[in-house]
Amino acid sequence: MTKPIVRFAPSPTGNLHVGNVRTALINWLFAAGQGGTFILRIDDTDLERSTAEYEQGIKDDLTWLGLTWGDTFKQSERFEMYDAAVDKLRDMGLLYACYETADELDRQRKLQRARGKPPIYNRAGLNLTDEEKAAYEAEGRKPHWRFKLSGERVVWNDLVRGEQAIETSSLSDPVLIRADGSYLYTLPSCVDDIDAGITHVVRGEDHVTNSGAQIEIFKALGGTAPDMAHTPLLVGADGASLSKRLGSLGMGELRSQGIEPLAICSHLAKLGTSDNVEIRDSLAQLAEEFDFGKIGRAPARFDEVDLASLNAAITHSMSFSDAEPRLAALDPLAANEAFWLLVRENCQTVEDAARFIPVAFGDIDPIIEDEDRDFISQAASLLPEGDMTAETWGAWTSALKSETGRKGKGLFMPLRKALTGMERGPSVGDMLVLMGRDRALARLG
Ligand code: GLU
């Protein structure tokens with residue numbers, strides 16, 4: 001197989017959320033697994049709604065996720081190419097001017113529905129004489145332009161959905177250019193895909209119908225249509241649409257919750273596939289395991305609980321060097337290897353380590369139950385002199401055991417609560433080394 005060239009084509013009219021990141025990821029993994037190329041195309045033909053900030057945000061998020069691109073370009077810089085394609089289609093008689101207003105089209109559709117007919121555009125534009133067109137123009141109307149579909153059946157072998165057939169006779173001829181002269185995404189996308197030599201168009205299944213028209217446009221422009229893969233939509237864990245929640249599932253939001261890029265990528269790569277949703281070491285490993293054949297047809301369930309547990313798994317084994325900058329951002333004292341290696345197993349996110357910073361390096365409220373007061377004073381008097389080391393805890397607690405007769409939970413829990421102010425957490429003996437003798441003594445009252 002020749003090396004694939006794929007593209008992720010977001011519109012810079014908003015931030016990336018888990019839904020479009022999944023499309024980016026699947027493209028990226030497929031390309032990486034086959035030694036191919038991943039292109040980032042910015043679909044900014046809608047000049048009103050597209051912003052440079054969103055474009056930069058998309059690039060920053062992809063970079064953060066590790067989804068780097070081999071090339072990137074913007075549609076807004078390529079209008080000449082689209083204009084040339086328009087001329088070509090017009091010369092071939094495949095692009096025609098229409099003068100209906102949105103209201104008129106709406107009325108037409110309502111009428112068709114009322115008569116029990118499918119609301120397909122009636123192609124009135126195709127039969128207009130030059131005089132009729134001139135009359136519309138004289139009224140001040142500007143044409144919008146439609147692509148003339150063949151009316152035939154378009155068939156392709158979708159890499160996810162299997163054989164697909166779209167009867168173009170059941171579709172309205174798609175509008176390629178609006179009355180204000182702006183391009184809809186349909187034509188520029190084909191022009192760019194041909195120009196960039198895209199081998200596979202990989203996108204959400206909401207584009208299946210577009211593919212019927214686009215395959216005809218590819219052919220009309222003299223290209224062969226790329227292979228196609230349409231992935232099922234992402235839904236919530238309960239099966240409900242994510243559309244209303246996507247705002248809170250943006251990369252910025254997940255990042256600020258301390259979610260790791262690899263947790264997001266592992267989850268998004270595996271959900272809705274025949275592989276288990278488990279953490280992977282790297283994008284390279286995910287790429288190696290990627291196969292369109294593993295993607296099921298049912299909607300893929302995005303589950304925040306699963307994401308959190310993948311994230312915890314990454315956090316539990318994260319190296320100090322990876323965690324260090326973020327620990328330092330919490331508190332310069334927390335950028336301490338022994339501290340990180342001690343607390344990481346108790347953290348769901350790196351930022352969770354914040355809970356233990358006062359325990360190791362600051363002040364806490366010790367918890368001492370009334371019935372433990374005497375025991376805790378004895379503990380204070382038996383605390384070994386000198387630096388707290390890896391041996392201190394063992395020596396101290398055996399001395400306390402013989403002195404008081406306490407053992408097990410009765411021995412350890414009061415010490416944990418007094419020294420850390422918590423009932424659960426990392427090893428108290430190791431924490432003792434970090435907090436030091438003075439802090440320990442102060443906590444023991
Ligand atoms: N800009 C289009 C979208 O975000 C791209 C679709 C495609 O991949 O062709 O829906």
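In listed order, ligands and their atoms are each counted from 1.
Near Asp43, the atoms of ligand 1 lying under 4.0 angstrom from a non-hydrogen atom of the residue are 1 (N), 2 (C), 5 (C). Interface atoms of ligand 1 facing Ser11, defined by a heavy-atom separation under 4.0 Å, are 1 (N). Numbered from 1 in the order shown, with element, the atoms of ligand 1 that lie under 4.0 Å from a heavy atom of His207 read 3 (C), 6 (C), 10 (O). For ligand 1 and Arg203, the ligand atoms under 4.0 Å from any heavy atom of the residue are 7 (C), 8 (O), 9 (O).
Using a 30° and 60° split on the angle between ring planes, Tyr183 and Tyr82 fall in the perpendicular class, above 60°.
Of the possible donor and acceptor atoms, none in the side chain of Trp28 sits under 3.5 Å from a partner among the backbone N and O of Phe8. The backbone N or O of Arg178 sits nowhere less than 3.5 Å from a side-chain atom of Ser182 that would complete a donor-acceptor pair.
Legend: residues meeting salt bridge (Lys or Arg N to Asp or Glu O under 4.0 Å) with Arg107, ordered by chain and number and at least two apart, are absent.
From Leu268, atom CG reaches atom CG of Asn20 across 10.5 Å, with rounding to the nearest 0.5 Å.
In this structure, Val350 and Leu327 have side chains that are in contact, with non-hydrogen atoms separated by less than 4.5 Å.
Of the protein's non-hydrogen atoms, Ala9 O, 3.3 Å is the one closest to atom 5 (C) of ligand 1. The single protein non-hydrogen atom nearest to atom 8 (O) of ligand 1 is Arg7 NH1, 2.7 Å, given as residue, atom name and distance.
When non-hydrogen atoms are compared, ligand 1 lies under 4.0 Å from the side chain of Tyr185 (C-beta onward) but not from its backbone.
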